[in-house]
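Here the structure comes first, spelled out in structure tokens, and everything after it is commentary.
As the structure is a prediction and not an experimental result, all values here were calculated from the model. In what follows, every chain begins at residue 1, and chains take the letters A, B, ... in the order their sequences are listed.
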Amino acid sequence: MANAKTTSHGTSADQAHDHHHYEPGFWSKYIFSTDHKVIGIQYGITALVFLLFGFILMLLMRQQLAKPNQPIPVIGPILEKVLGTDMVNSGVMQADLYNAFGAMHGTIMVFLAIVPLAFGAFGNFVTPLQIGAPDMAFPRLNMASYWFYFLGGVVMLSSFFIPGGAAKSGWTSYSPLASIADMAHWVDGQTLWLIGMVLLISSSLLGAVNFITTIIQLRARGMSWMRLPFFVWAQLVTGFLLLLAFPPLEAAGIMQLVDNLFGTSFFLPTGLVVNGSQLPVSGGGSPLLWQHLFWFLGHPEVYVLILPAMGIVCEIIANNTRKPIWGYRSLVYSVLCVGFLSFIVWAHHMYLTGMGTKISTFFQTTTMMISIPSVIILTALFISLWGGSIRMNTPMLFALAFLPMFGIGGLTGLPLGLNATDIYLHDSYYVIGHFHYVVAPGTIFGLFAGIYYWFPKATGRFMNETLGKIHFWGSLLFMNLVFAPMFIQGMKGMSRRMYDGGATYAGNASVLGLNTFISHAAIGLAVFQIPFIINFFMSIRSGKKISSDNPWEATTLEWSTPTPPPHGNFIKEPVVYRGPYEYSVPGAAKDFSPQDQQA
Amino acid sequence: MEIPYTVKPRPDTGLYNAKVGIWLFLASEVILFGALFSAYILLRVGALDGVWPNIKNAWPHGLLNIPIGTFNTAVLITSSVTVVFAWAALKMNNFARFRICMVITIVCALGFLCIKSFEYNEKFTHYELRLKSGKAYTGHIEVNGKHPGFWDFGSIYNLARLETDKVEKVKFTADPPKAKPGEKHDESTPKHEVMEVATSDIAHLDAFIPRNHTFFAIYFLITALHGFHVLGGALVLAWFTFPGSKMWLTEPERFINRIEVGGLFWHFVDLVWIFLFPILYLL
Amino acid sequence: MNWIKILGLPELASEHGKALDELTGYVHLLMLILFIGWVGYFIMVLLKFNRKSNPKADYVGVKSHLNTYLEVGVAVVEGVLLIGFAIPLWAKAVDYFPTAADNPIEVHIMAQQFAWNAHFAGPDGKWGKQDIQFAAATNPFGLDPNDADAKDDVVCLKEEFLVPVNRHVICKIGSMDVIHCFKLPAMRVTQDAVPGLSIPVHFKPTITNTYEIYCAQLCGNLHSGMKGSFKVVSQSEYDTWYAAKSKAGGGAGFE
Amino acid sequence: MSHSTQHAAQHGHDDVASHLPTYWKVFWALIAGTVITVALYSIHFESVAITIAIAMFVASIKAFLVAGYFMHLLSEKKMIYGILAATVFFLIGLMALTIWGSYDQPNHTERKTLYVP
Ligand code: HEA
Ligand code: HEA
Ligand code: CUA
Ligand SMILES: [Cu+2]
């Protein structure tokens, strides 16, 4: 089957008719579909829109940082009309709006853009194909998972338009601030944030159950654990992270919701005084409890952001070096190790909430330990390049750039992980720089690579290479120009979440200029996304047609289905004979030996 | 291709899909309730002294109705055993017995919820009163000749409410002092002290509701969450028992699997209660 | 090495900060070495093994075990930084407190939306009685106006306070509303102000000057403006200020 | 009755029938456990720690019975054990570390009824 000429749509439809005695209508085919590929694409489109939206919020914030308290050109007055003068006054963004945008940028990027794209979209579209399964184990659950996500997104977005505006206490929503930031309104942005989160968490839990079951149960014949593509391993571990790390935040979210709506004090200690009078609550709660429950999710969550990207990068590197991944086993063990350890490092976000020596020693030791498997993964990918015959297509460029970018992000995690150095760096722009290097040029590049790589599978057409390369080089340059200066600002001590960009403090004077620089770079970054958007939509209609079902000459199973794969995916039940990355096998006729190719 | 292993177990794992699915789901539920238990421990251990009347430790324990709780535990245990019997009956090809067992289960579930709502109501009408003089009581109130309660909604009083409603005084029937574990019952105190309290003398007044104390907050939160699980489970089991049981005729093995999976969830709900009961009621 | 310059840190004005800066320097040195090593290798590989220079891929690839040594090396260095530096420095910060023999001065810091307040015991060395019932905008520490010990307490309401140079300062950090973060960049001190807790930090300022207090935790819409400041001055200057302040008394805020 | 019903029935009949007495026993053991816990509570031990320990011990036994017999965990497949082992491990991590984390604080840290430092 592998490398067969494109199976015509006619044939695949005929095949589908064997099982389905009716032709599904528009709604059940594209909107309420239970087909994992359609759901994957729904996830993908929705998440990309949120990604863009999150970026636009940030551009507005960067405008404020570059020119504090000056009217936002053009958009300012519009925002003022839409959001009211509390939020934008004579075109000037108010502090409340800055904070709301900040919280929503973090939330949207993490929970509504990257996770749905990395796990929901790629996981859904690719995983069943790669393991040789006809669909997910629970297709209807899969659909429910998407709609919970969608609903969660709608609730989050609608919070901008209620009185008082969206949640404005950071994506971390620390109590007591989250409970008292908007006391004038009974149902405030924070309330909707929490309801939205509970929906998103439910979505993730359903998704996680489904993915793990699928990977455990629906692997094709011969697809043993050590023959799984690394991407599938990454998805499996990600699934477990979501499954076991999210419930505490769900619990905490419900508790904070009750705090806000019904006056309980889970996270409010006794004797809070706000605006000169005692808060009329019973007290007796613990603000640090929220932080523990939040970060118990929060840290595994960051690996949820990175692992799928690592999986994608691994697939693309193997494919484009035309050689097996070096140290496949060590990759698998490392990713398991990372998954395992990521549950017991969370309090490195809380060093400065008042920690004794013993507990902080525990957490910084585990934090240093978790960096080792990350180093191993990165090293294995680096070493895989050696001896390859590297094809520099757009997916590969993004995958390659992922490595040093993640490297910078990961390395800057070390001084944050050591509590003594974190004393100074905590909550400064250094932290912002650290994690954006991992999630923006890191994860986003991994995801871009995946989009360029699997686009032909989903649509039967390539994306344009020239536009792709423009997109790549522009993004690479401007990502670095945006985030590298943040390390300098952080080192000077500039705090994050500063409405005026830190201008209040004399200590920041020497690095304030960088704010403007970063903001300009962010605009540059935005400009270089335009080729991508054009490319994306144009290629669906008029991209270069693929000439075979396996255009990249890859080995994994998703390439031995018709293009696009019909409902049920495989024409014939696939059987797996070898590992995932058998490229350039000595003595083989071609430089790739697909997993389902006999002998 | 069709999705494999929806009915028959996969040879190498020995499991069918739904079974893996439900156990994964239960794993996340374990962590969910586990997080709430951690919260409970943390809040309780961190409770400050001197906030609750007549109790040295500020955690107002011993306020829940133990006989009712015990009875409810038994109800839930019964429903748990009848679910296994229902499943076993199907395995033994006895559909009639299956249905009887399931009906008992569902009745137990609803019974549990009814009893629980009765308990809730008891708390919503029970008050904590602290006077400016420093005296503190628990008991029942009467405002303008009415006993405010859960059912006539929104009429739970606290000090602020009394003030806005311009209620000048309330009638308060104090509970008889209760023996705490390790204390002797003091026979000399009067059973029910009934008094008229002027609003201006009150330092704090509130029913036994979540906003009054972290204990009630966590008690209501965990039991309500558990209650929703009971309700959800009962609905699913009812579906299997009546409309969904058509599957028994078409795909009996798959139906048995469904009952097994539903049963697993139900046992889990029971299991949570096994820990909840001693923690909330007894300790 | 002058890490302050190399790393672009602000001026250092406390005794313990030197060790922290050095550690920051070493960590960044390690990072730099790794980064340069990897990037060098990376560029070399891309030149050597692209399709043009190497049309046929090698199935096996790298055979040496260099990477294992490298990984073990990274682990060892991390271990050394951890056990040799980070843990002891932390222990010094939170476990070993200046004792009475060190003659420290103690300040209670109270964060509020959006300002910093400071409270000293006054010449009698006794802290005034505090109770929440006295809490008011002008009396954020809730000092009892009838308490004799409170009369001479020094309270700096949302204003600059002074500490003497070269003496240990213990700050007990609290908050009355939300979580703030007491950050003194020049002293290399950071501590969250968590309501319901009073958490101590200590440092020994070495240079006289005025320093800023940052709030480094999002605490509401004026978070970015929540700047405080304190002055490190000579002992005599401090004494004069203290005496004058104390005469005005903790009562200054009671009206 | 369809063909496969009979098949299913043949398969597990004796097997399941032999389990029924066990289920009854477990049921009574659970009831007994409940009664014991309540009874112990009214005895009032000297130390609260003992009361808690005993109550939790009995609850654990009850949980074991429900999970082991009603949920058939005692004869479950390896995969499920693996999933549950990971879950329990992380749960213990969550509980132990949050509680430890809230108590190991810098020297001289104080919890206060009042907000004052
Ligand atoms: C995908 C996301 C992601 C990833 C992977 C990581 C990875 C790591 N993070 Fe990061 N982190 C975040 C996202 C992420 N983080 C976010 C979002 C925050 C802030 C949250 C907030 O407060 O809002 C944060 C904050 C944060 C803090 C808290 C800082 C503070 O608030 O004071 C700490 C402290 O320990 C930390 C540490 C680490 C460590 C040690 C790793 C390690 O796992 C890193 C291991 C990797 C390496 C060590 C790289 C190894 C690579 C090489 C050796 C090769 C190098 C190659 C070249 C350079 C070519 N992170
Ligand atoms: C996954 C997470 C993620 C991602 C990807 C990003 C991406 C970016 N972030 Fe963000 N950020 C956070 C998570 C993330 N961020 C979090 C958690 C915080 C902390 C919030 C808090 O304080 O609570 C934060 C805070 C934060 C700050 C600090 C604000 C402050 O403290 O005051 C800044 C400042 O510059 C910033 C900038 C940026 C920029 C310029 C990008 C850019 O890299 C964006 C790049 C985006 C793109 C390149 C979009 C591409 C999209 C398309 C091409 C769309 C295509 C669409 C279709 C085809 C339909 N972020
Ligand atoms: Cu106070 Cu930020
Ligand atoms: Cu982390």
- [ ] Against chain A, label C:V60 side chain, backbone, both or neither, depending on which of its atoms sit under 4.5 Å from a heavy atom there.
- [x] backbone

Open item on the list: What part of C:K92 gets within 4.5 angstrom of chain A, counting heavy atoms only: side chain, backbone, both, or neither?
Closed with: neither

Open item on the list: Please classify the contact of A:P176 with chain C as side chain, backbone, both or neither, using a heavy-atom distance under 4.5 Å.
Closed with: both

Open item on the list: Between A:Y424 and chain C, with a heavy-atom cut-off of 4.5 Å, which part of the residue counts as in contact: side chain, backbone, both or neither?
Closed with: both

Task: chain C interface, residue from A:A181, A:S495, A:G354 that has the most non-hydrogen pairs under 4.5 Å - done: A:G354

- [ ] Name the region of A:Q291, side chain, backbone, both or neither, that has any atom closer than 4.5 Å to a heavy atom of chain C.
- [x] side chain

Task: Most contacts with chain C, counted as non-hydrogen pairs under 4.5 angstrom, among A:S286, A:S169, A:P324 - done: A:P324

Open item on the list: The criterion is ring-ring contact (aromatic ring centres under 6.0 Å, His included); which residues satisfy it with A:Y430, sequence neighbours excluded?
Closed with: A:F487, C:H28

Task: Check: C:W116 ring centroid to C:F182 ring centroid under 6.0 Å - done: yes

Open item on the list: What I'd like to find out is whether the side chain of A:I325 reaches to under 4.5 Å of the side chain of A:L381, using heavy atoms alone.
Closed with: yes

TODO: Counting only heavy atoms closer than 4.5 Å, note whether A:N508 contacts chain C via side chain, backbone, both or neither.
DONE: both

Open item on the list: Ignoring hydrogens, what is the shortest heavy-atom contact between A:Y351 and A:L418? Give both atom names and the distance.
Closed with: CE1-C, 4.4 Å

Open item on the list: Taking every non-hydrogen pair under 4.5 Å, which of A:D422, A:T357, A:L268, A:I372 racks up the most with chain C?
Closed with: A:T357

Open item on the list: Does any backbone or side-chain atom of A:L288 lie under 4.5 Å from a heavy atom of chain C? Answer side chain, backbone, both or neither.
Closed with: side chain

Task: Mutual orientation of the aromatic rings belonging to A:Y505 and C:Y214 [parallel < 30°, tilted 30-60°, perpendicular > 60°] - done: parallel

Task: Contacts of C:H16 that satisfy ring-ring contact (aromatic ring centres under 6.0 Å, His included) - sequence neighbours left out - done: none

TODO: Examine whether an atom of C:Q113 lies under 4.5 Å from a heavy atom of chain A, and if so say whether it belongs to the side chain, the backbone or both; otherwise answer neither.
DONE: side chain

- [ ] Examine whether an atom of A:Q278 lies under 4.5 Å from a heavy atom of chain C, and if so say whether it belongs to the side chain, the backbone or both; otherwise answer neither.
- [x] side chain

Open item on the list: Please identify, among A:Q364, A:R496, A:R391, the residue contributing the most non-hydrogen atom pairs under 4.5 Å to chain C.
Closed with: A:Q364

- [ ] Please report the C-alpha distance between C:L12 and C:R188 in whole Å, then the side-chain angles of each, then the deciding distance to 0.1 Å, and finally whether the side-chain contact (heavy atoms from CB on, under 4.5 Å) criterion is met.
- [x] CA-CA 8 Å; C:L12 170 69; C:R188 309 292 191 264; 3.6 Å; yes

TODO: Examine C:F97 together with C:H202 and report whether their ring centres are nearer than 6.0 Å.
DONE: yes

Task: Part of C:I213 lying under 4.5 Å from any heavy atom of chain A - done: backbone

Open item on the list: Please rank C:Y59, C:Y26, C:W38, C:F42 by heavy-atom pairs under 4.5 Å with chain A and give me the top one.
Closed with: C:Y59

Open item on the list: Please classify the contact between A:M350 and chain C as side chain, backbone, both or neither, with a heavy-atom cut-off of under 4.5 Å.
Closed with: neither

Task: Residue A:M392 versus chain C: region with a heavy atom under 4.5 Å - done: side chain

TODO: Measure from the ring center of C:H119 to the ring center of C:F141 and say whether it is less than 6.0 Å.
DONE: yes

Task: Which atoms of C:V194 approach chain A - backbone, side chain, both or neither, heavy atom under 4.5 Å - done: side chain

Open item on the list: Tell me whether A:W326 contacts the main-chain N or O of C:V62 through its side chain, where contact means a donor paired with an acceptor under 3.5 Å.
Closed with: yes

- [ ] Go through A:K358, A:M369, A:K323 and name the one with the most non-hydrogen pairs under 4.5 angstrom from chain C.
- [x] A:K323

Task: Check: A:F406 ring centre within less than 6.0 Å of A:Y437 ring centre - done: no

Task: Heavy-atom proximity to chain C below 4.5 Å, by part of A:A380 - done: neither

Open item on the list: Under a 4.5 Å cutoff for heavy-atom pairs, which residue among A:T421, A:D427, A:L177 has the most contacts with chain C?
Closed with: A:L177

Task: Side chain, backbone, both or neither of A:S330 within contact of chain C (heavy atoms, under 4.5 Å) - done: neither

Open item on the list: For C:V178, which atoms come within 4.5 Å of any heavy atom of chain A: side chain, backbone, both, or neither?
Closed with: both

Open item on the list: For C:Y41, which atoms come within 4.5 Å of any heavy atom of chain A: side chain, backbone, both, or neither?
Closed with: side chain

Task: Per-residue contact mode, C:I199 against chain A (heavy atom under 4.5 angstrom) - done: side chain

Task: Portion of A:N99 that has a non-hydrogen atom of chain C nearer than 4.5 angstrom - done: side chain

Task: Region of A:S360 in contact with chain C, defined by heavy-atom distances below 4.5 Å - done: side chain

TODO: Could you check which of C:L89, C:L23, C:N67 has the highest count of heavy-atom pairs closer than 4.5 Å to chain A?
DONE: C:N67

TODO: Measure distances from A:S277 to the heavy atoms of chain C and classify the residue's part below 4.5 Å as side chain, backbone, both or neither.
DONE: neither

- [ ] Tell me, for A:L403 versus chain C, whether the close heavy atoms (under 4.5 Å) come from the side chain, the backbone, both or neither.
- [x] side chain

Open item on the list: Report which part of C:K48 has an atom under 4.5 Å of a heavy atom belonging to chain A: side chain, backbone, both, or neither.
Closed with: side chain

